[in-house]
Protein chains: 2
Amino acid sequence: MTAENYENENLEDKLQKVIYLLHKYKLVDGLVRLQDTPRPDLVESVIQKQNLASLQNMLDKLHPADIAYILEALPLDDRLIIWGLVKAEHDGEVLLEVSDAVRQTLIEDMNSKELVAAAEQLDADEIADLAPDLPSYVMEDVFRSLPMEEREHLRAAMSYPEDAVGALMDFDVITVREDVRIEVVLRYLRRLGELPDHTDQLFVVDRDEHLKGVLLLNQLLVSDPETAVVEVMKREMVKFHPDDKAEQATQAFERYDLVSASVVTPDGKLLGRVTVNAVIDFMRERADYEARNQAGLSEEEDLFAPIWKSVQNRWAWLAINLVTAFIASRVIGLFEDSIEKLVALAALMPIVAGVGGNSGNQTITMIVRAIALGQVNQDSTFKLITKEIGVSIVNGIVWGSVIGFIAYIIYQNAQLGLVLALAMLLNLLLAALVGVLIPLVRKQLGRDPALGSSVMITAVTDSGGFFIFLGLATLFLL
Amino acid sequence: MTAENYENENLEDKLQKVIYLLHKYKLVDGLVRLQDTPRPDLVESVIQKQNLASLQNMLDKLHPADIAYILEALPLDDRLIIWGLVKAEHDGEVLLEVSDAVRQTLIEDMNSKELVAAAEQLDADEIADLAPDLPSYVMEDVFRSLPMEEREHLRAAMSYPEDAVGALMDFDVITVREDVRIEVVLRYLRRLGELPDHTDQLFVVDRDEHLKGVLLLNQLLVSDPETAVVEVMKREMVKFHPDDKAEQATQAFERYDLVSASVVTPDGKLLGRVTVNAVIDFMRERADYEARNQAGLSEEEDLFAPIWKSVQNRWAWLAINLVTAFIASRVIGLFEDSIEKLVALAALMPIVAGVGGNSGNQTITMIVRAIALGQVNQDSTFKLITKEIGVSIVNGIVWGSVIGFIAYIIYQNAQLGLVLALAMLLNLLLAALVGVLIPLVRKQLGRDPALGSSVMITAVTDSGGFFIFLGLATLFLL
């Protein structure tokens with residue numbers, strides 16, 4: 001996005017508007033605080049002196065991630081005004097940083113020339129991240145504009161699914177040979193003039209690009225310049241294949257406290273590397289995905305999305321919920337005669353269903369987490385089921401007795417209290433069993449154990465709870 | 001934990017047992033895969049040749065995080081057998097790596113001498129992480145055994161709350177003066193012989209330890225040895241205060257792709273640093289906390305915890321859930337006369353409550369996330385409420401009509417269908433309003449906007465849904 005679109009506006013007006021917006025949304029202070037420079041005062045003095053050129057300057061100097069942050073926090077109209085003022089050379093990086101939903105609003109505001117220019121500023125692995133959101137004719141132009149090696153990288157990066165290590169990989173590797181001396185390596189680096197971000201190690205490869213080891217920068221710095229690389233390199237290191245699950249890579253980064261790690265082909269050729277910042281972004285996206293999924297949001301949603309977009313994002317899970325609620329409702333419908341005879345059943349049945357749902361969610365959360373960490377296997381499954389059933393028996397007896405006694409007091413009906421207590425116990429047992437089995441079975445089928453697990457367990461404990469309670473009541477009370 | 005406790009057992013028996021356990025739980029393969037060394041074969045050959053000494057050797061060479069992983073995946077009895085075989089010099093690091101729940105089981109198995117020895121292997125900031133789980137007399141011994149500077153560090157590290165930057169901080173900083181030449185810095189590093197993990201920058205301080213800038217290792221490596229530090233150091237950098245929220249630090253690491261960042265006193269003296277691995281651990285703990293919280297688990301739970309421990313961990317949220325379910329039940333109780341006259345109400349009321357709860361959870365998740373990112377402020381609150389209400393009107397009309405029509409078909413009662421549709425619409429409006437307000441009000445009161453938000457919104461939409469539906473039915477149908 002260039003400022004040219006706004007040529008007809010007066011520059012001063014534009015910047016006034018920007019200042020106003022940044023202050024209105026109290027965004028400037030939040031950013032500046034982190035960097036701990038005296039910018040808030042600067043902004044004030046700039047406004048007082050109407051020194052607008054230096055304000056534009058300030059805006060230009062913001063980190064692309066900060067610009068992304070500002071854009072995400074602004075309603076659509078204001079967002080596009082600021083976006084129009086972002087320097088064209090930052091466009092690519094800002095597009096990388098914003099959330100998917102906000103990225104779409106920005107891309108819709110750009111013409112194809114601007115989009116191609118923005119993409120060309122980026123590395124191949126970064127372009128691959130943007131690719132799904134770019135129109136295909138833009139991608140074709142970008143592709144043509146790249147040098148041969150970058151094209152290969154882009155093709156490689158785009159060939160991996162989003163949850164594979166290949167999608168996290170970048171190609172900014174510095175390689176050295178094992179027989180050169182440290183001093184030569186140091187001279188080589190000096191000649192490069194700049195090292196890629198997150199370079200904590202150089203990769204030692206042979207003539208055929210096979211990875212032999214890594215030379216840690218920390219080691220490089222403390223080694224005698226006359227030693228050979230082979231004497232100080234590390235041969236034991238974490239290697240990924242591009243088809244490995246990204247989740248596996250995040251676990252390795254967490255476990256071994258890595259900053260970067262190599263990605264190699266099955267026969268050991270160096271392809272690229274994964275860095276900790278890609279891992280952190282993946283972790284954050286994954287956590288957001290799980291939180292959304294838990295709440296029934298299909299996709300990332302722009303905070304200021306238009307109503308119809310939000311409705312689209314939310315309708316699928318509401319529809320599923322409606323179906324499960326409808327099934328529960330039909331289960332109750334089976335027992336309408338019983339409820340007519342003893343209307344207290346209607347008032348008490350949500351307790352059985354609700355507590356069952358809560359308990360089932362506790363179980364399923366434990367199991368899903370354990371599966372994600374690879375801590376569940378065939379031998380421990382039986383142990384886990386036994387434990388969860390044990391917990392639900394204790395809870396069923398304790399809470400069933402409490403609520404059964406309260407029902408007895410309210411309705412002066414001891415049998416009703418007993419039936420309620422028994423139904424509670426049985427529904428908690430059902431919740432424990434299904435809470436362990438749903439994620440295990442989904443895993444066996446090769447599905448994500450977490451996806452929709454909360455909706456499923458609640459569906460079972462609702463319908464099951466109503467059926468158990470009303471069925472027992474029909475058998476014993478009527 | 002030393003192997004001495006098991007002196008009376010035959011070494012060969014012990015190791016056979018370890019091999020058996022590791023294979024039984026299929027743990028060895030999972031670990032070795034990441035490191036991509038030919039260890040699985042090695043293990044096989046070792047077993048065949050009964051070459052047990054080299055197997056103990058293999059176990060000793062595992063990364064402490066891998067040992068922690070194995071321990072977490074094992075039931076208690078087996079866990080303690082392996083723990084008994086872990087080399088004493090790894091005890092401290094393994095204790096750091098395991099989850100809180102598993103740590104307790106390991107610490108209970110150690111005597112105070114072993115605990116003091118384990119803690120002494122660690123840095124001050126790491127001891128501070130263990131401190132809450134150690135008996136106070138052990139901590140006193142540890143404290144006395146430390147050199148003066150370490151004592152100060154430990155005291156400092158223990159003085160910050162868990163969610164402050166100070167709790168993430170370590171003291172492994174290398175400082176240099178701005179007037180020295182790069183070549184002198186390089187010689188200084190070589191003399192140190194080893195750099196702390198995650199050293200991506202040196203800190204440039206003056207005589208009074210005031211932070212003047214940072215010298216990136218990448219810059220150091222490519223600079224002319226004859227230049228002075230002051231010419232190549234970066235003056236703009238991320239600084240934290242130890243009292244800053246840890247959450248703020250994680251956002252800065254994500255936004256600016258940091259590997260390490262300085263922690264300074266309010267007057268600019270360098271205290272220590274935060275590294276990306278501490279940030280990743282914090283992110284993971286935070287995500288786990290939120291997932292648990294959502295599901296109603298009070299604390300981290302050992303997968304193989306005894307039943308009574310699990311019951312303790314889960315009872316608080318079940319009790320809260322029981323209370324809200326009881327309130328909903330009493331709301332229904334108010335309308336027992338109406339239900340007696342028109343029993344279809346009992347079957348339909350859970351639909352109104354359920355869909356309202358789902359929709360409310362969608363809203364509250366959006367808002368909590370936006371608050372966490374600092375994207376919500378006074379000006380945008382009104383916009384957000386308007387939007388959420390708009391979404392719920394659309395959903396209410398669409399889904400209300402659908403389910404109202406189905407109810408009309410089933411019960412051949414048009415008025416009942418209309419009341420159901422209207423109740424759905426009103427409950428979704430309630431869900432939207434409360435879904436925005438609960439987190440905002442909690443934030444205003446200085447509380448965590450996320451804590452228990454799902455339980456609260458469900459309580460409101462359950463009781464509210466029953467009241468709206470049964471109330472409307474009583475007014476219009478009876």
Side-chain angles (χ1 to χ4, degrees), chain A residues 24-26 30 34 36 65 73 75 189-190 193 195 217-218 221-222 238-239 252 254-255 257 259 276-277 280 287 291 294-297 303 307 310-311 314 318 321-322 325 328-329 332-333 336 339-340 343 346-348 350-351 354-355 358 361-362 365 370 374-375 377 379 390-391 394 399, chain B residues 24-26 30 34 36 65 73 189-190 193 195 217-218 221-222 238-239 252 254-255 257 259 276-277 280 287 291 294-297 303 307 310-311 314 318 321-322 325 328-329 332-333 336 339-340 343 346-348 350-351 354-355 358 361-362 365 370 374-375 377 379 383 390-391 394 399:
Chain A
K24 178 175 165 200
Y25 296 105
K26 298 203 176 46
L34 282 175
D36 208 32
L189 295 182
R190 232 166 264 153
L195 306 188
L217 287 200
N218 287 355
L221 282 165
V222 301
V238 176
K239 296 178 206 166
E254 276 180 65
R255 246 192 241 168
D257 295 339
V259 174
V276 69
N277 63 318
I280 287 187
Q294 196 72 16
L297 296 161
L303 198 54
I307 287 172
S310 297
V311 169
R314 303 185 193 182
L318 281 180
N321 190 247
L322 205 69
S329 163
I332 299 171
E336 279 179 5
I339 294 175
E340 212 155 16
V343 75
L348 295 175
I351 301 180
V355 176
N358 193 184
N361 268 307
Q362 290 178 333
T365 301
Q375 291 178 340
N377 47 54
D379 293 276
V391 172
V394 174
W399 298 117
Chain B
K24 179 176 166 198
Y25 296 105
K26 299 201 176 48
L34 282 174
D36 208 33
L189 295 181
R190 233 166 262 152
L195 306 189
L217 287 200
N218 287 357
L221 282 165
V222 301
V238 176
K239 295 177 207 166
E254 276 180 63
R255 246 194 240 169
D257 295 340
V259 174
V276 68
N277 64 318
I280 287 186
Q294 196 72 16
L297 297 161
L303 198 54
I307 288 172
S310 298
V311 169
R314 303 184 192 182
L318 281 179
N321 190 247
L322 204 70
S329 163
I332 300 170
E336 279 179 4
I339 294 174
E340 212 155 17
V343 74
L348 295 174
I351 301 180
V355 176
N358 193 185
N361 268 307
Q362 291 178 333
T365 302
Q375 291 176 340
N377 47 55
D379 293 277
K383 243 186 165 109
V391 172
V394 174
W399 299 116

So which of [options] has the biggest tally of heavy-atom pairs under 4.5 Å with chain B?
{"options": "A:L297, A:N361, A:T365, A:V259", "answer": "A:L297"}
{"options": "A:L348, A:N321, A:N277, A:I339", "answer": "A:N321"}
{"options": "A:A346, A:A325, A:G296, A:A295", "answer": "A:A295"}

**Study point:** Structural part of B:Q362 lying under 4.5 Å from a heavy atom of chain A
**Key:** both

**Study point:** Verdict with reasoning, A:R190 to B:L221, per side-chain contact (heavy atoms from CB on, under 4.5 Å)
**Key:** CA-CA 6 Å; A:R190 232 166 264 153; B:L221 282 165; over 6 Å; no

Point to revise | Separation between CG of A:N358 and CG of B:L322, rounded to the nearest 0.5 Å | key: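 Output value for this atom pair is 9.5 Å.
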
Review point. Measuring from B:I280:CD1 to A:R255:CZ, what's the distance to the nearest 0.5 Å?
Key: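 Output value for this atom pair is 14.0 Å.
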
Heavy-atom proximity to chain B below 4.5 Å, by part of [X]:
{"X": "A:V276", "result": "side chain"}
{"X": "A:L318", "result": "both"}
{"X": "A:Q294", "result": "side chain"}

Check your understanding: Which heavy atom in B:I332 sits nearest to a heavy atom in A:P350, and how many Å separate them?
Key ->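 Scanning both residues completely, I find the closest heavy atoms to be CD1-CG, 3.4 Å.
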
Check your understanding: Which heavy atom of A:V391 sits nearest a heavy atom of B:S310, and at what distance?
Key ->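 What the structure gives for the nearest pair is CG2-CB, 3.6 Å.
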
Check your understanding: Is there a donor-acceptor contact under 3.5 Å from the side chain of B:S329 to the main chain of A:A347?
Key ->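 Confirmed, B:S329 side chain pairs with A:A347 backbone.
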
Exercise for review: Can you sort out the partners of A:A291 under side chain to side chain contact (heavy atoms under 4.5 Å, CB included), two or more places apart, ordered by chain and number?
Suggested key: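 Counting only residues at least two positions away or on another chain, A:A291 forms no side chain to side chain contact (heavy atoms under 4.5 Å, CB included).
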
Check your understanding: How would you list, by chain and number, every residue that makes a side chain to side chain contact (heavy atoms under 4.5 Å, CB included) with A:V394, sequence neighbours excluded?
Key -> A:V398, B:I307, B:V311

Practice item. Apply the test side-chain contact (heavy atoms from CB on, under 4.5 Å) to residues A:V343 and B:V343: give CA-CA distance (whole Å), side-chain angles for both, the deciding distance (0.1 Å), then the verdict. Key: CA-CA 8 Å; A:V343 75; B:V343 74; over 6 Å; no

Practice item. Could you walk me through whether A:N218 and B:L217 pass the side-chain contact (heavy atoms from CB on, under 4.5 Å) test, one step at a time? Key: CA-CA 9 Å; A:N218 287 355; B:L217 287 200; 3.7 Å; yes

